[in-house]
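Lettering of chains follows the sequences in order, A, B, ..., and the numbering in each one begins at 1.
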2 protein chains.
Amino acid sequence: MTESVATRTPLSPTPRSTLTRYRGQRDATDRAALDAILDAATICHLGVLMHGAPVVLPTIYGRDGDTLYLHGSTGAGNLRAAMTSDVSVAVTLVDGIVYARSAMHFSMNYRSAVVHGRPVELTDPDQRLHALRVIVEHAAPGAWDTVRSPTKKELAATTVLSLDLTEASVKTRAGDPGDDESDLTANAWAGVLPTRQIFDAPIPSADLVPGIEIPQHVLDRLA
Amino acid sequence: MTESVATRTPLSPTPRSTLTRYRGQRDATDRAALDAILDAATICHLGVLMHGAPVVLPTIYGRDGDTLYLHGSTGAGNLRAAMTSDVSVAVTLVDGIVYARSAMHFSMNYRSAVVHGRPVELTDPDQRLHALRVIVEHAAPGAWDTVRSPTKKELAATTVLSLDLTEASVKTRAGDPGDDESDLTANAWAGVLPTRQIFDAPIPSADLVPGIEIPQHVLDRLA
């Protein structure tokens with residue numbers, strides 16, 4: 001994914017959100033691109049600082065407006081670490097394998113968002129419940145209102161974090177390989193092998209009460 | 001992905017590779033599981049320490065035996081950072097969305113590998129070329145021998161890192177939701193919506209020499 005065609009575009013003027021190219025020109029576009037990437041992906045990779053080194057773990061998340069929500073067990077070490085130093089949250093959609101005529105031009109097509117900042121622990125009960133709804137609805141759109149809400153005990157065992165989307169960057173690559181002019185006539189196939197995430201037929205839980213049909217909000221994802 | 005069913009199993013006795021459960025019992029199994037996850041995924045998320053905070057970026061990689069290889073432009077700040085402090089490399093395969101009868105039991109089924117350590121920059125020309133072959137063959141199996149090899153100039157512009165797989169952990173979740181006993185009779189659907197990455201029909205490059213067919217090693221991925 002080191003590809004000269006792609007540029008990581010900053011959505012804020014901090015050094016971490018990178019570089020100076022395009023600043024100011026593409027902000028609005030890129031904010032929409034950021035939201036689109038965050039909304040389309042299933043999981044993020046949360047990087048926190050633990051014992052002086054990065055620890056990256058996958059986790060689910062949700063976005064509402066300018067806020068990314070994360071949650072986990074109150075016992076989760078990486079969430080505790082996330083409150084005491086800045087974090088990096090990466091969300092990546094892989095769109096294709098780029099086949100080139102030369103080894104060093106192989107690449108990926110992808111949409112990548114990276115958010116930096118210091119998460120804030122939510123303590124207000126309404127804000128916490130809202131954040132959990134956003135996270136569950138991101139993982140399973142339409143599901144929240146059809147299932148049992150969290151109990152006080154469950155909530156007490158859960159850490160909920162909010163992360164502002166102010167400091168973020170977007171990087172995408174699309175299209176053909178960027179082979180050198182001198183390689184274009186080589187006898188080698190070049191192009192893109194598209195890839196995407198699909199859903200397969202839902203599998204009811206073994207202990208599901210007989211007669212409960214697969215809900216429309218699940219079936220809608222198979223389209 | 002905070003799920004009581006899942007356990008992150010250490011493949012080494014360091015604190016970062018987590019916990020003490022199962023140590024010694026499941027090492028061989030989990031080493032095979034680690035390799036399987038690394039070999040099945042398309043990209044990793046590399047977390048490095050930059051200016052005192054983690055920075056997580058997606059990148060391609062390859063595995064050969066006990067070594068993970070990474071590469072990038074010599075100008076890439078995160079690769080320079082990767083050589084001066086420990087890194088965390090996460091590889092995640094999402095297998096399903098777990099629909100529960102209660103909001104807090106929604107989860108993901110997944111296979112996750114996390115590797116920690118200090119990458120070493122490869123300087124030996126043969127080792128570098130081998131690593132690049134492993135990375136390209138991971139992204140595009142069967143392609144390396146069909147395309148132009150790297151030139152000296154391309155190699156001079158490329159940083160190649162090796163990361164030992166000694167300090168790694170594997171965590172997986174599979175199967176039904178873990179609803180509370182008291183929720184099992186609720187009038188809510190529960191189960192798993194399987195998800196996976198697929199490849200679609202290859203798209204030849206617009207400037208491809210007419211008559212060059214899609215190679216078998218690309219077609220094989222559509223199976």
Side-chain angles (χ1 to χ4, degrees), chain A residues 1-2 42-43 45 47-49 53-56 58-60 72-73 76 86 88 90 92 94 97 99 101-104 106 112 136 139-140 144 146-150 154 176-177 183-185 188-195 197-200 202-209 212 214-215 218, chain B residues 1-2 42-43 45 47-49 53-56 58-60 72-73 76 86 88 90 92 94 97 99 101-104 106 112 136 139-140 144 146-150 154 176-177 183-185 188-195 197-200 202-209 212 214-215 218:
Chain A
M1 294 202 174
T2 52
T42 306
I43 61 163
H45 282 85
V48 304
L49 189 65
V55 172
V56 181
T59 187
I60 61 173
S73 161
D86 285 3
S88 180
T92 310
V94 178
I97 317 292
Y99 284 74
R101 300 155 181 98
S102 55
M104 296 308 284
F106 274 71
S112 158
V136 169
W144 179 272
T146 71
V147 300
R148 177 175 65 68
S149 295
E154 286 175 332
D176 286 342
D183 289 322
L184 295 183
T185 55
W189 187 80
V192 173
L193 179 64
T195 183
Q197 182 190 28
I198 63 159
F199 296 108
D200 291 314
I203 303 167
S205 187
D207 55 11
L208 186 65
V209 173
I212 296 183
I214 300 166
V218 176
Chain B
M1 298 203 172
T2 53
T42 306
I43 61 163
H45 282 84
V48 305
L49 189 64
V55 172
V56 181
T59 188
I60 61 173
S73 162
D86 284 4
S88 180
T92 310
V94 178
I97 318 291
Y99 284 75
R101 300 155 182 98
S102 55
M104 297 307 285
F106 275 71
S112 158
V136 169
W144 179 272
T146 71
V147 300
R148 178 176 63 71
S149 294
E154 286 174 333
D176 286 342
D183 289 322
L184 294 182
T185 56
W189 187 79
V192 174
L193 179 63
T195 184
Q197 182 191 25
I198 62 159
F199 296 107
D200 291 314
I203 303 168
S205 189
D207 54 12
L208 186 65
V209 173
I212 297 184
I214 300 167
V218 175

Under 4.5 Å, counting heavy-atom pairs only, tell me which of [options] racks up the most with chain A.
options: B:Thr146, B:Val209, B:Asp200; answer: B:Asp200
options: B:Gly47, B:Ala90, B:Pro204; answer: B:Pro204
options: B:Ile198, B:Val48, B:Leu49, B:Leu208; answer: B:Ile198

Derivation and outcome, side chain to side chain contact (heavy atoms under 4.5 Å, CB included), residues B:Val147 and A:Tyr99: CA-CA 9 Å; B:Val147 300; A:Tyr99 284 74; over 6 Å; no

A:Ile203 to B:Pro194 - nearest heavy-atom pair and separation: CD1-CG, 3.7 Å

Over all atoms of both residues, closest heavy-atom pair of B:Ser88 and A:Val56: OG-N, 2.9 Å

A:Met104 side chain reached by B:Glu154 side chain, heavy atoms, under 4.5 Å: yes

Sub-4.5 Å side-chain heavy-atom contact between A:Pro202 and B:Val192: no

Proximal component of B:Ile97, with respect to chain A [non-hydrogen, under 4.5 Å]: side chain

Contact origin within B:Thr42 toward chain A - heavy atom pairs under 4.5 Å: both

Residue A:Phe199 versus chain B: region with a heavy atom under 4.5 Å: both

Non-neighbouring partners of A:Asp207 that pass side chain to side chain donor-acceptor pair (under 3.5 Å), sequence neighbours left out: A:Ser205, B:Arg101

